[in-house]
Protein chains: 2
Amino acid sequence: MARESTGGVQSLQRAFDLLERLADAGGEASLSELAGTSGLPLPTIHRLIRTLVTLGYVRQNSNRRYTLGSRLIRLGESASRQFGTWARPFLAQLVDQVEETANLAVLDGDEVVYVAQVPSRHSMRMFTEVGRRLLPHGTGVGKAMLSQLPRDEVRALLSRTGLPAYTPNTITNADELLASLDQIAVQGYALDESEQELGVRCIAVPLHGAPTLSAVSVSGPDSRLTKESVARILPEVLAIAKRLTDQATRT
Amino acid sequence: MARESTGGVQSLQRAFDLLERLADAGGEASLSELAGTSGLPLPTIHRLIRTLVTLGYVRQNSNRRYTLGSRLIRLGESASRQFGTWARPFLAQLVDQVEETANLAVLDGDEVVYVAQVPSRHSMRMFTEVGRRLLPHGTGVGKAMLSQLPRDEVRALLSRTGLPAYTPNTITNADELLASLDQIAVQGYALDESEQELGVRCIAVPLHGAPTLSAVSVSGPDSRLTKESVARILPEVLAIAKRLTDQATRT
DNA sequence: ACTATAGTTTTCGCAACGCGGAACGGCAAT
DNA sequence: ATTGCCGTTCCGCGTTGCGAAAACTATAGT
């Protein structure tokens, strides 16, 4: 194929785009809804989706709507195992100790991906969908991981992603962020003070030596995760991070 | 497309076949390994895999091997949410009560799919990969679910799948299985006595009214899950099944 | 350091496969 | 019964996916 398009096999791109849109829609959507958001013609979508239905990655309801199919579960689990499932018992222990939601995130390309989460038992708690992707500058885990990278690599990443504001508190100036990364590298942890989401505070610690650049974090409402409780909680997070690092290095 | 192949879009089929083979290989494989198991030519695999790498569903290691990529995690989670994530707290409670591994499975097409699992805290415990698919006749959950179906539907399913033996204890005669399904329907639960795996016993109870035909089960080594402990455990499983049913009906 | 081998990646001509406009079918509302 | 909306099917066309051959890279052995 002399004139290969830069993106690769077009039908693959389109099929996965449709799967992502199904996930965006809560796992279920109609053909017209998919046509509306994707801009593809109905018969094209139909043919791709029909193939996915036949294969088991999409399922059609009796009301003709399409949902994500069960064959995706195993693929997701298997992919998850490459990243965060091994960390789950440690996260659970951290939640027991500090009583807030614990997360493990990795840097994948230019994005932070949450790969494991053990939620707090409080009714009011952080819920970050496993698999969710965010830009690193706006999150505690992202900043923790960036602090471990050479600064020219960070600059290159930021020039690709920009620094869009998630909230009025998000750091949107590259020099300001780089300065804070220097500080984070020294102190060994990062804070997210309503930068990702208003009213939410997060402590994040990078893991050293994991096959993939990773960070562990504790997050919760800033009414509970106060400056004072941060000082109490930090040693626990650091301790778990050390044990996660040991575990990752042993693999 | 006048000569549409019965299976749909060929490149989609091939790509997902490769993803499944990656999962089969523990999440990681080389190009040659994939060529060996799939029978596709190397450049074909390369082009499909390259597209998946670009999209984030596959990732290439520094040692040139390919692993499943993080973008699959969200798809898997979202698909999982269609099925079993809501059941997890109930399963955890069941494990607390009976101290054996608890599972939730659904009937998807002709197969049983394990969609949620909370493992026992014993070192020796059942581990069934979430997303794993098995034929229904050879499992407790499968038999529990089949017992809820009209018998001609069961006959049709069995004629499609056959009744291959997983172990010497597996029921491989259709009439014998249908008779046991009649009994299971009356008593409200199914047992798997080393039919799926030697040395493993399982109690399974169907859920009524779930959007998808489902069953909850407790499984463990038959040295611990004795006939006597089955009698003790059964009321707990039935109680949780009732609560899961109530929860499913409420959605 | 050099060579051989195995595995991965790239190139490019070709035809088959994916595409999408048009037509058809099913369902719900009036 | 009619109309409108949505999903599904049909089929001609050309672009996209395919794979043999060549080029490149990594590793192991001498």
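What you see is a predicted model; the values in this text were computed from it and never measured. Chain identifiers are assigned alphabetically (A, B, ...) following the order of the sequence lines, protein sequences preceding nucleic acid strands; residue numbering begins at 1 within each chain.
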Looking at the side chain of His46(A), which of dT8(C), dT8(D), dG7(D) is the nearest nucleotide? dT8(D)
Assess whether side chain to side chain donor-acceptor pair (under 3.5 Å) is satisfied between Gln60(A) and Tyr66(A), documenting all intermediate values. CA-CA 4 Å; Gln60(A) 189 174 28; Tyr66(A) 294 96; 3.2 Å; yes
Could you go through Leu75(A) and Leu75(B), starting from their C-alpha distance and side-chain angles, then the distance that decides it, and tell me whether this counts as side chain to side chain contact (heavy atoms under 4.5 Å, CB included)? CA-CA 9 Å; Leu75(A) 290 182; Leu75(B) 291 182; over 6 Å; no
When you measure from the side chain of Leu42(B), which nucleotide among dT9(C), dG17(D), dC18(D) comes out closest? dT9(C)
Short side-chain N/O contact from Arg47(B) to OP1 or OP2 of dT16(D), under 4.0 Å: no
Glu111(A) and Arg71(B) ion-paired at < 4.0 Å: yes
Between dG19(D) (C1') and Arg50(B) (CZ): distance, integer Å: 18 Å
To the nearest Å, how far apart are Gln13(B) CD and dC17(C) P? 11 Å
Between Glu33(A) and Leu48(B), who's closer to the 5' end of DNA chain D by nearest nucleotide? Glu33(A)
Would you indicate what Leu40(B) reaches in the nucleic acid, counting non-hydrogen atoms under 4.0 angstrom: base, sugar-phosphate, or nothing? nothing
Using a 4.0 Å heavy-atom cut-off, does Thr44(A) contact any base of the nucleic acid, only the sugar-phosphate backbone, or nothing at all? base
Between dC19(C) and Gln10(A), is there an OP1 or OP2 to side-chain N/O distance shorter than 4.0 Å? yes
Among dA26(D), dT16(D), dG7(D), which is the nearest nucleotide to the side chain of Arg64(A)? dG7(D)
Output the residues of residues 15-32 of chain B in contact with DNA chain D, where contact means a heavy atom of the residue under 4.0 Å from an atom of the strand; sort by number or write none. none
Can you find a heavy atom in the side chain of Val115(B) that is under 4.5 Å from one in the side chain of Ser80(B)? no
Under 4.0 Å between any heavy atoms, over every strand shown, what does Gln60(B) touch: base, sugar-phosphate, or nothing? Just pick one. sugar-phosphate
Pair Asp110(B) + Arg133(B): basic N to acidic O under 4.0 Å: no
Base, sugar-phosphate alone, or nothing: which one does Pro41(B) contact when heavy atoms must sit under 4.0 Å apart? sugar-phosphate
Check every strand shown and say whether Arg65(A) touches a base, only sugar-phosphate, or nothing at a heavy-atom separation below 4.0 Å. nothing
Identify, between Tyr66(A) and Pro43(B), the residue whose nearest nucleotide on DNA chain D lies closer to the 5' end. Tyr66(A)
Can you check whether Arg14(A) has a side-chain N or O nearer than 4.0 Å to OP1 or OP2 of dG20(C)? yes
Spell out, as yes or no, whether a donor-acceptor pair under 3.5 Å connects the side chain of Ser78(A) to the backbone of Arg74(A). no
In this structure, is the centre-to-centre distance between the rings of Phe16(A) and Phe16(B) below 6.0 Å? yes
